[in-house]
Amino acid sequence: MAVAFAAAIAALVPLLTSSEFHLHLAIVMCLNLLAVNGLFIISRSGQLSLCHAAFMGLSAYVCAIAGKMLGLPFLAACSLGVVSGVALAFLLGKVVLRLKGVYFVLITFVFGEIFRLLVLEAEHFTGGASGITGIQPARIFGLLLDSKPAFFYAALILAAGSASLAVWLFQTATGQAINSVGDNPDLAEATGISVRKVQLFCFTLGSSMASLSGAFMASYTGYISPESFNMNASILLLLMMVIGGRKSIIGPLVGTLFITLLPEFLRGAVKTQNMFYGIVLIVILRFLPDGLASFRQRLRAQRDGNRKSHG
Amino acid sequence: MQIEYLLVQSLINGLVVGMLYLLMAIGFTLAFGVMRIVNFAHGECYMLGAFAAYVCVTRLGMPFLAAIVLIAFAGVAFGWLIESAVLSPFRQDELSAMIVTLGLAMILQNLALLIFGAEPLFIPAIAEGVISVGSVVVPKARLYVVAISLVILVLLYGFLRHTKHGRALRATVQDAEIASAYGINPRIVYPLGFGLGVALAIVAGGLMAPIFSVSPFIGTGPMVKAFIVVILGGLGSIPGAAVASISLGLAESLGSTFFKTTSVDIGIFVAVMAVLVFRPDGLLGSAHK
């Protein structure tokens with residue numbers, strides 16, 4: 001319901017602004033939201049992934065190469081990208097999900113770095129450090145998405161779809177199993193839930209959402225390089241989730257909105273922008289550990305607390 | 001003869017990088033052991049150390065050894081300050097603390113970028129000339145680095161073994177609750193543990209500055225290696241870190257004599273995955289918990 005409402009409002013964006021740049025921001029935001037929702041699902045199962053951008057990258061590269069070298073149409077190339085993301089997430093997850101907590105974070109971080117090196121190394125296919133240019137624009141069922149408004153609607157559908165998927169998922173029995181695994185894995189295991197299976201499911205699903213986002217990102221920008229998907233990109237996605245709130249379903253939305261729009265208010269401070277991200281991150285974790293999405297609850301709790309102490 | 005020469009040469013290079021990884025990994029694992037905090041700013045501390053050495057040597061004209069001693073103490077103070085000012089509210093929540101260090105890393109890297117710019121800087125070599133044994137030639141500068149690293153590790157060992165605060169640190173690593181029940185003050189031990197960890201990264205950066213170049217982006221590589229070392233050796237385990245980092249340094253150096261560096265890095269990652277599958281408790285069997 002809320003998702004439909006938010007999507008309806010967002011759908012008006014192209015009518016409200018004629019600025020190409022605003023539309024560009026909206027598109028980037030939608031594609032980021034798709035990826036961050038995936039990260040959110042992984043995080044709900046109790047694991048923080050720091051190689052999320054690597055899955056975006058894998059799929060972006062597969063999609064771009066399939067389009068350029070094999071001449072596949074966009075939809076087929078994009079599907080190929082997502083399938084390879086799913087396959088890699090499943091195989092990688094099988095191995096690295098043995099690790100818990102900080103060990104998992106470390107190994108995913110290392111994997112993200114290795115992915116970057118692999119792309120640099122496979123120069124013949126990936127163009128090495130100079131990347132791939134001239135990637136085909138998205139075309140879905142004969143509809144060419146080469147203008148910004150057209151692409152925006154496609155991105156919006158993806159973003160809204162990913163949010164609906166998350167909302168729906170956490171209302172099902174599977175969603176409850178995911179929550180219980182995230183809250184207390186030992187207890188979940190004792191009640192007959194397979195922690196490994198649930199986490200593998202979340203890791204594969206979440207990473208597939210990153211893959212989808214990556215394939216669209218590649219066709220939107222038309223250019224990809226190893227640095228588009230390095231560890232800073234993964235960290236930025238994590239930042240969006242944490243700043244928004246990693247416990248609340250609207251956290252990813254709030255976080256992507258905040259991080260995408262923040263540079264707009266910091267114009268002329270490009271150099272200090274990343275420093276500012278770092279400071280915001282620390283301040284929010286200190287004073288709003290459950291992210292911006294918890295701000296209203298926090299206010300309410302404080303008001304109730306005041307009432308109690310006065311009454 | 002040719003191949004022998006290559007092998008010995010790369011063994012020595014491997015030892016030098018292994019030492020670097022060891023300093024990084026011990027600092028990382030010490031901070032983790034004491035505070036349960038994964039410090040993602042560890043690589044940026046390495047980078048700061050390199051810049052500190054650069055400023056001390058080229059701008060202030062200090063001798064290299066004096067600069068290293070100075071930045072070691074400054075490093076402890078810096079880590080102490082970060083712990084008590086930024087990290088202390090997150091002592092109960094290791095994931096939040098880890099994300100906070102990601103924020104710290106962003107701040108430190110961009111601060112360095114702002115002050116020094118992105119162009120790589122260089123420090124003159126700390127020693128001229130080579131020592132040759134038979135046909136094997138070793139630059140003196142690299143030998144000095146290994147020697148200084150060894151001295152630092154021996155000092156650290158002595159501190160952890162034989163002083164009151166060192167013992168308090170080790171007790172906290174083993175069991176924080178029991179340690180505090182025996183009257184060990186967390187307000188000293190936590191900043192001290194983190195400060196020592198940071199200082200080791202900073203010293204590693206300072207030591208490597210004359211060998212490699214200095215720029216705001218040099219921290220990531222050594223940090224990734226430190227991560228690999230602690231995954232292989234087990235977080236919080238110093239003997240594990242020692243075995244893992246020297247093997248990693250040697251494997252890398254030997255590998256890159258025959259293959260491309262990136263191929264070696266990828267091979268090492270595959271090996272790490274294999275270790276995770278077949279020996280999930282790390283090479284020495286210290287448990288992953």
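This structure is a prediction, so every number in the text was calculated from the model and none was measured. The sequence lines fix the lettering, A, B, ..., with proteins before strands; numbering per chain opens at 1.
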Q.
Can you tell me which portion of B/K260 sits under 4.5 Å from chain A's heavy atoms? Options are side chain, backbone, both or neither.
A. side chain
Q | Over all atoms of both residues, closest heavy-atom pair of B/V230 and A/Y103 | A | O-CE2, 4.4 Å
(Q) With a 4.5 angstrom heavy-atom cut-off, is it the side chain or the backbone of A/L239 that approaches chain B, or both, or neither? (A) side chain
Q) Can you check side chain to side chain contact (heavy atoms under 4.5 Å, CB included) on A/L48 and B/M98, steps first, answer last? A) CA-CA 11 Å; A/L48 276 183; B/M98 184 193 75; 3.9 Å; yes
Q.
Test side chain to side chain contact (heavy atoms under 4.5 Å, CB included) on A/N274 and B/Q109; report intermediate values, then the result.
A. CA-CA 9 Å; A/N274 278 328; B/Q109 189 181 64; over 6 Å; no
Q: Can you tell which part of B/I99 gets under 4.5 Å to a heavy atom of chain A, answering side chain, backbone, both or neither?
A: both
Q: Would you please classify the geometry between the A/F109 ring and the B/F227 ring as parallel, tilted or perpendicular, with 30° and 60° separating the classes?
A: perpendicular
Q: Could you tell me which non-hydrogen atom of A/M275 sits nearest to which non-hydrogen atom of B/N110, and how far apart they are?
A: CG-CB, 3.6 Å
Q | Nearest heavy atoms of B/M106 and A/Y277, plus distance in Å | A | CE-CB, 3.9 Å
Q) Minimum heavy-atom separation for A/I114 to B/D265, with atom names? A) CD1-O, 3.7 Å
**Q.** Under 4.5 Å from a heavy atom of chain A, the part of B/I268 involved
**A.** neither
Q) Given that the side chain runs from C-beta out, which part of B/T220 has a heavy atom under 4.5 Å from chain A: side chain, backbone, both or neither? A) side chain
Q | Side-chain donor-acceptor pair present, A/R116, B/T262, cut-off under 3.5 Å | A | no
Q) If we only count heavy atoms from C-beta on, is the B/F40 to A/L50 side-chain gap below 4.5 Å? A) yes
**Q.** Residue pair A/V105 / B/V38, side-chain heavy-atom distance below 4.5 Å
**A.** no
(Q) Given heavy-atom pairs under 4.5 angstrom as the criterion, report whether the side chain, backbone, both or neither of A/F111 touches chain B. (A) both
Q: Verify the neighbour count for atom CZ of A/F170: are there more than 12 heavy atoms of other residues, nucleotides or ligands below 6.0 Å?
A: yes
Q.
Please report the interatomic distance CZ(A/F115) to CD1(B/I266), rounded to the nearest 0.5 Å.
A. 11.0 Å
**Q.** chain B contact via A/L120 - side chain, backbone, both or neither, heavy atoms under 4.5 Å
**A.** neither
Q: Take atom CZ of A/F125 as the centre, draw a 6.0 Å sphere, and report whether it contains more than 12 heavy atoms from other residues, nucleotides or ligands.
A: no
Q.
Return the CG to CG distance between B/L102 and A/L281, rounded to the nearest 0.5 Å.
A. 7.5 Å
Q. Which bit of B/L113 is near chain A, if near means a heavy-atom gap under 4.5 Å: side chain, backbone, both or neither?
A. neither
Q | Trace of the side chain to side chain contact (heavy atoms under 4.5 Å, CB included) decision for B/I228 with A/V110 | A | CA-CA 7 Å; B/I228 290 179; A/V110 174; 4.0 Å; yes
Q | A/F295 atom CZ, neighbour heavy-atom count above 12 within 6.0 Å | A | no
**Q.** B/F32 and A/V102, any side-chain heavy atoms less than 4.5 Å apart
**A.** yes
Q: Compare every heavy atom of B/V100 with every heavy atom of A/L285, then report the nearest pair and how far apart it is.
A: CD1-CG2, 3.5 Å
